[in-house]
Participant: 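What follows is a structure written as structure tokens; I'll ask about it next.
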Amino acid sequence: MMGSKELVFRALTCKTTDRIPWVPFVGCHAAKLLGVNADEYFYSEKHIVDGAVKAYEMYQPDGLPVLFDLQLEAEALGCRLRYAKDNIPSVATHPLESGKALRDLKLPTRKSGRLGVVMDAAKELVRLLGDKIALYGVVTGPFTLALHLMGTDIFYAMLDDPERVSALIHFCVSACKRVAAMYMEAGIKIIAIADPMTSQISSDDFVRLVSPGLVDIFAFLREHRRFSALFVCGDAKRNMEAMCACQPDNISIDENIPLDYAARICHPNGVSVGGNINLTRSMMFGTVEDNIRDAQKCIDLAGSTGFILSPGCDMPFDVPPENVRAITSLVRGNVVDFLEQVKLEEESVYKVPNYAEEERVIIDVMTLDSETSTMCQYIMEVVYEACRGLEHKVRCVEHKKAAKEAEIYQKALHTSVIPSICIDGELVYESVIPSAEDLRAEILRAIFKKQG
Amino acid sequence: MSIYEDISALLQKGKAKDVAALVGQALEEGLPAKDILEKGLLEGMNVVGQKFKDGQAFVPEVLIAARAMNKGTEVLKPALVSAGVEACGKVVIGTVKGDLHDIGKNLVRMMMEGKGFEVIDLGVDVAPETFVNGAIENDAQIICCSALLTTTMTEMKSVVDAAEAAGLRDKVTIMIGGAPVTQEFCDSIGADIYTSDAASAADAAYAVVAG
């Protein structure tokens with residue numbers, strides 16, 4: 001039985017694995033797990049360490065990034081960031097756009113920005129988790145960093161002043177290597193160069209401007225016996241061959257590139273692939289079943305050789321933890337147990353009340369969704385109208401079909417029809433919308449009954 | 001090749017100075033401002049837009065083409081005004097509250113200008129009320145919201161709600177887009193149109209005003 005680290009290392013180097021290694025890209029989502037704001041998390045060595053440990057305990061991953069913050073180097077080089085409570089920070093100013101020249105920029109050191117904090121966290125995580133899972137040091141790639149430093153002007157400069165752009169990217173390559181070296185010194189074995197903005201330029205520009213720097217960075221990592229990965233976002237299909245030619249061990253993609261396509265290009269070049277669970281549709285807004293399906297689809301498309309299952313990019317703060325645990329259950333082969341457990345948890349959370357013991361009469365209304373369905377909006381209006389003046393004796397609860405508790409209530413109240421209205425656990429109207437007067441009469445009857 | 005085709009071809013290559021000069025020459029030759037705009041400048045942007053949609057042109061190519069169009073439009077503007085040529089529609093655009101990402105929003109703005117729209121750019125980190133007030137003040141037919149982050153995209157619902165509250169919902173079309181946005185999300189928040197790229201956004205906006 002292969003251990004987590006071995007699984008990741010074998011997959012990275014295009015070998016077959018006993019099971020698919022799973023690396024959830026937990027960045028600012030760790031702050032949610034800890035119950036702290038994202039801005040506090042990004043500044044604190046303790047939070048970064050505790051967040052990764054918490055993610056390790058909750059998600060049983062085979063690998064984790066120390067931090068996923070593509071603004072870290074930008075801040076260290078003089079960009080001003082705007083922090084958010086439930087989000088990654090955003091770059092607010094670009095030094096080369098606001099008067100500074102490239103020669104004014106200094107390569108980052110441990111004292112620049114939050115780099116010292118992050119590297120101390122990396123060192124501590126190597127101590128705590130380094131023998132258990134594969135830890136990634138995520139470094140902002142040269143093109144994305146150059147864009148942070150110059151702003152959108154870089155796109156014009158690519159035509160107007162290509163030498164200026166080349167010089168800037170050359171500087172960014174040096175900055176990447178510096179930060180990678182810091183991670184290596186902390187004991188990190190895998191360095192991921194995240195360069196999402198390269199999906200916004202042509203293959204010619206990629207080869208001309210970005211490839212030489214990436215070749216240099218990946219050679220540097222090989223020289224230091226580290227594994228390497230290149231992370232991209234967006235539709236970068238056209239650049240896949242060129243990215244392989246930069247010789248990373250792995251290329252990780254988001255849902256804009258099909259995994260089978262990526263594997264077809266990468267594997268013959270000896271490059272493994274990673275990805276690409278949909279962050280929005282599945283992880284953020286999907287159900288546990290959606291996530292299991294999506295992850296299974298990724299595995300089916302990519303196969304068991306040279307593949308690491310991961311989200312398409314950094315996981316948003318608010319991803320529901322059960323969605324991540326759902327993917328873990330698939331990878332670990334215990335989906336059935338997991339779904340059963342989730343059901344039990346939901347039943348305990350959404351427990352149908354013992355109506356006789358409740359102080360007020362409870363009206364359960366089964367709807368599609370009163371915000372989107374006109375019919376359901378109308379039925380809720382009728383219910384509220386019928387309850388007018390009785391608010392201290394009555395409580396109305398709408399159960400939208402898509403909501404988690406709806407199924408539990410439907411089962412308990414013996415109705416699967418929408419719309420339906422139950423009063424104190426008794427099904428009173430099914431598939432009909434009563435008049436407010438009739439409904440009010442039923443409600444009053446229930447109130448009298450409760451009052452004995 | 002006609003002078004219109006020359007203008008279009010130079011615009012596609014992003015040759016801003018040459019486009020401006022050729023527009024000036026076309027005016028001197030007495031060609032109608034409307035034709036110079038539509039057959040030269042807008043036609044050029046149409047080609048760039050189509051290439052962008054087809055994955056043959058990318059952000060830099062669109063930006064430099066749009067810059068060339070703006071240079072041409074500057075020269076053409078007085079003639080357009082005196083000929084009474086009006087924009088095909090008005091759009092207010094911005095990146096939603098809490099989000100500072102502007103590349104996608106700028107691309108949509110440029111593509112829409114390239115379709116002949118007057119676009120009022122509200123910038124980034126735009127509050128829902130600012131979108132709505134912008135639409136009212138400018139008598140815009142379309143509000144465009146952009147977001148790059150999964151957490152900020154939920155602000156788009158606030159824009160829909162604010163438009164509703166202002167009694168504007170039936171009068172404006174709300175378009176949304178950005179990397180994490182999907183058609184399902186658009187449906188769920190009650191926005192009108194989702195498009196996956198800037199060129200498609202401009203096409204969809206044009207379809208709205210063309211009726």
Side-chain angles (χ1 to χ4, degrees), chain A residues 28 32 38 81-82 84-93 147 151-160 162 165 196-206 209 233-239 254-256 278-281 283-286 312-319 369 371-372 402, chain B residues 13-17 51-68 70 95 97-107 109-110 124-125 147-155 157 160-161 164 178-191 196-198:
Chain A
C28 71
K32 182 191 166 82
L81 301 192
R82 201 170 80 172
K85 284 186 171 23
D86 59 357
N87 222 329
I88 50 171
S90 303
V91 172
T93 62
L147 181 62
T152 325
D153 282 356
I154 196 170
F155 293 120
Y156 296 109
M158 284 165 67
L159 180 85
D160 300 338
V165 177
M197 292 310 291
T198 55
S199 62
Q200 303 303 316
I201 58 175
S202 68
S203 295
D204 286 350
D205 283 338
F206 182 87
L209 286 168
C233 293
D235 185 358
K237 280 201 281 294
R238 65 192 174 280
N239 294 339
D254 74 9
E255 68 277 5
N256 286 292
N278 191 307
L279 280 178
T280 317
R281 196 172 302 165
M283 297 198 80
M284 184 80 176
F285 298 117
C313 194
D314 174 30
M315 284 157 49
F317 179 90
D318 257 334
V319 164
D369 184 340
E371 281 177 30
T372 53
Chain B
K13 288 182 192 153
K15 304 282 185 193
K17 278 186 201 158
K51 282 188 174 171
F52 184 73
K53 225 193 285 190
D54 296 343
Q56 292 166 3
F58 306 93
V59 174
E61 289 80 7
V62 173
L63 293 184
I64 58 163
R67 184 175 62 179
N70 287 341
T95 305
K97 196 173 170 186
D99 202 322
L100 302 182
H101 298 89
D102 66 353
I103 296 176
K105 183 263 297 170
N106 291 346
L107 285 177
R109 187 194 72 220
M110 289 166 188
V124 297
D125 192 15
L148 185 76
L149 305 170
T150 37
T151 34
T152 55
M153 66 194 255
T154 48
E155 279 295 327
K157 169 96 168 66
V160 175
D161 292 345
E164 182 85 54
V181 181
T182 62
Q183 182 62 50
E184 284 160 315
F185 179 74
C186 176
D187 296 341
S188 74
I189 64 165
S196 60
D197 65 80

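Proteins come first, then strands; the chains are lettered A, B, ... in the order of their sequence lines, and each starts at number 1.
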Participant: Identify the heavy atoms of A:V91 and B:L100 that sit nearest to each other, and give their distance.
Facilitator: O-CD1, 4.0 Å

Participant: Would you mind checking which part of A:D254 comes under 4.5 Å of any heavy atom in chain B, side chain (CB onward), backbone (N, CA, C, O), both or neither?
Facilitator: neither

Participant: Is it the backbone or the side chain of A:A157 that comes under 4.5 Å from a heavy atom of chain B, or both, or neither?
Facilitator: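 A:A157 has no heavy atom closer than 4.5 Å to chain B.
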
Participant: Using a cut-off of 6.0 Å, state whether more than 12 heavy atoms not belonging to A:K237 lie near its atom NZ.
Facilitator: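 Yes, NZ of A:K237 has more than 12 neighbouring heavy atoms, counting only those of other groups under 6.0 Å.
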
Participant: With a 4.5 angstrom heavy-atom cut-off, could you sort out which part of A:V319 is near chain B: side chain, backbone, both or neither?
Facilitator: neither

Participant: With a 4.5 Å limit on heavy-atom distance, are the side chains of A:I201 and B:P60 in contact?
Facilitator: yes

Participant: With respect to chain B, which residue among A:E255, A:M158, A:R281 yields the maximal number of heavy-atom pairs within a distance under 4.5 Å?
Facilitator: A:R281

Participant: Taking side chain as everything from C-beta outward and backbone as N, CA, C, O, which of these in A:I154 sits under 4.5 Å from a heavy atom of chain B? Side chain, backbone, both or neither.
Facilitator: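 Interface part for A:I154: neither.
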
Participant: Taking atom NZ of B:K53 as the centre, does the number of heavy atoms from other residues, nucleotides or ligands within less than 6.0 Å exceed 12?
Facilitator: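 Atom NZ in B:K53 is crowded, with more than 12 foreign heavy atoms closer than 6.0 Å.
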
Participant: Side chains of B:V59 and A:T152: closer than 4.5 Å at any heavy-atom pair?
Facilitator: no

Participant: Determine whether more than 12 heavy atoms belonging to other residues, nucleotides or ligands lie under 6.0 Å from atom NZ of A:K32.
Facilitator: yes

Participant: Does a side-chain N-to-carboxylate-O contact under 4.0 Å join A:R82 and B:D99?
Facilitator: no

Participant: Heavy atoms, side chains only, cut-off 4.5 Å: are A:R238 and B:F58 in contact?
Facilitator: yes

Participant: Among B:V124, B:T151, B:V62, B:L148, who wins on heavy-atom pairs under 4.5 Å with chain A?
Facilitator: B:T151

Participant: For B:E61, which atoms come within 4.5 Å of any heavy atom of chain A: side chain, backbone, both, or neither?
Facilitator: side chain

Participant: Checking A:D205 against chain B: side chain, backbone, both or neither under 4.5 Å from a heavy atom?
Facilitator: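 For A:D205, side-chain heavy atoms alone lie under 4.5 Å from chain B.
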
Participant: Given a strict heavy-atom distance threshold of 4.5 Å, which part of A:M315 is in contact with chain B: side chain, backbone, both, or neither?
Facilitator: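 Contact with chain B is absent: no heavy atom of A:M315 under 4.5 Å.
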
Participant: Do A:D160 and B:R67 have side chains that approach each other closer than 4.5 Å (heavy atoms only, starting at C-beta)?
Facilitator: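 Yes - at least one pair of side-chain heavy atoms lies under 4.5 Å apart.
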
Participant: For the residue pair A:T280 and B:T150, what are the closest heavy atoms and their distance?
Facilitator: OG1-CG2, 3.9 Å

Participant: Can you give me the closest heavy-atom contact between A:F155 and B:L63, atom names plus distance?
Facilitator: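 Nearest heavy atoms, A:F155 then B:L63: CB-CD1, 3.3 Å.
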
Participant: Heavy-atom cut-off 4.5 Å, strictly under: side chain, backbone, both or neither for B:I64 against chain A?
Facilitator: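 Looking at B:I64, backbone and side chain both touch chain A.
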
